[in-house]
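One is the number of the first residue; the rest follow in order along the sequence. Computation of the quantities below employed the complete heavy-atom set of this structure, encompassing side-chain atoms and omitting hydrogens, waters and symmetry-equivalent molecules.
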Amino acid sequence: MADELLALVLAGVKTGTCWPVAEGLKGSADGARYVVLDSAGHPRALIESVHLEQKRFDEVDADFARSEGEGDLSLETWRRIHEECFTRQDTYAPDMMLWCERFRLVEVIGDKTAGAR
């Protein structure tokens, strides 16, 4: 799944992410830059946080859901995917607090096909 999400970032489709507030800020802050790794641990992208806010799960709107870039980009699909994910992590509640982050792709790092002949 990590590589699927990375592909969405590299394509410019995924410009948002979220996680439970209970997990903390994970070093995130407006303006912070992060290296995104592929599933093998190789650096693949540099992103920059452009907006970070707390929202309840049931208050996430269609615009933010679309920014996550998954499925058909609808709020309904976002809710289903994230409810399943947070349920597996035993953190789901309809009113759970999330960190909702918007980011921009600054640079693509490396190329899996570079050097291949």
- prompt: Under the ring pair (Phe, Tyr, Trp, His ring centres under 6.0 Å) rule, what pairs show up with a residue in residues 62-81, not counting sequence neighbours?
  reply: F57-W78, W78-H82
- prompt: Are any of the side-chain heavy atoms of F86 and M96 separated by less than 4.5 Å?
  reply: yes
task: Classify the side-chain pair T17/E101 by whether it contains a donor and acceptor separated by less than 3.5 Å.
output: no
- prompt: Is R102 salt-bridged to D63, cutoff N-O under 4.0 Å?
  reply: yes
query: Does E53 come within less than 4.0 Å of K55, counting only side-chain N to carboxylate O?
result: yes
- prompt: Who pairs with L10 by side chain to side chain contact (heavy atoms under 4.5 Å, CB included), at least two apart in sequence or on another chain?
  reply: L6, R44, A45, V108
field: Inter- and intrachain pairs under ring pair (Phe, Tyr, Trp, His ring centres under 6.0 Å), touching residues 32-53, at least two apart
entry: none
field: Interatomic distance, T91 atom OG1 to M97 atom CE [nearest 0.5 angstrom]
entry: 13.5 Å
field: Residues in side chain to side chain contact (heavy atoms under 4.5 Å, CB included) contact with T87, at least two apart in sequence or another chain
entry: E83, Y92
statement: Across all chains, not counting sequence neighbours, the side chain to side chain contact (heavy atoms under 4.5 Å, CB included) partners of E59 are R56
field: Heavy-atom pair with the smallest gap, counting every atom of L25 and W19
entry: O-CZ2, 3.6 Å
- request: Hey, could you give me the CH2/NZ distance between W99 and K26, rounded to the nearest 0.5 Å?
  value: 12.5 Å
- prompt: Between Q89 and P20, which heavy-atom pair has the shortest distance, and what is it?
  reply: OE1-CG, 4.4 Å
statement: One should read off an interatomic distance between L98 CG and E23 CD, to the nearest 0.5 angstrom, of 10.0 Å
Derivation of the side-chain contact (heavy atoms from CB on, under 4.5 Å) call for V36 and I109: CA-CA 9 Å; V36 181; I109 303 171; over 6 Å; no
Side-chain (D38) to main-chain (D3) donor-acceptor, under 3.5 angstrom: no
task: Please report the closest heavy-atom contact between G69 and L8, naming both atoms and the distance.
output: O-CD1, 3.3 Å
D61 side, atom CG; S67 side, atom OG - distance, nearest 0.5 Å: 8.5 Å
query: Please walk me through it: do R104 and I47 pass side-chain contact (heavy atoms from CB on, under 4.5 Å)?
result: CA-CA 6 Å; R104 70 179 187 91; I47 61 172; over 6 Å; no
side-chain contact (heavy atoms from CB on, under 4.5 Å) between C100 and V60, intermediate numbers included: CA-CA 9 Å; C100 295; V60 169; 4.2 Å; yes
task: Mind checking the OG1-CG spacing from T15 to L105? Nearest 0.5 Å is all I need.
output: 10.5 Å
Derivation and outcome, side-chain contact (heavy atoms from CB on, under 4.5 Å), residues E4 and E70: CA-CA 9 Å; E4 292 172 20; E70 298 174 64; over 6 Å; no
field: Under the side chain to side chain contact (heavy atoms under 4.5 Å, CB included) test, residues paired with T77 that sit two or more places apart
entry: D72, S74, R80, I81
Shortest non-hydrogen separation from V35 to P43 and the atoms involved: CG1-CB, 3.6 Å
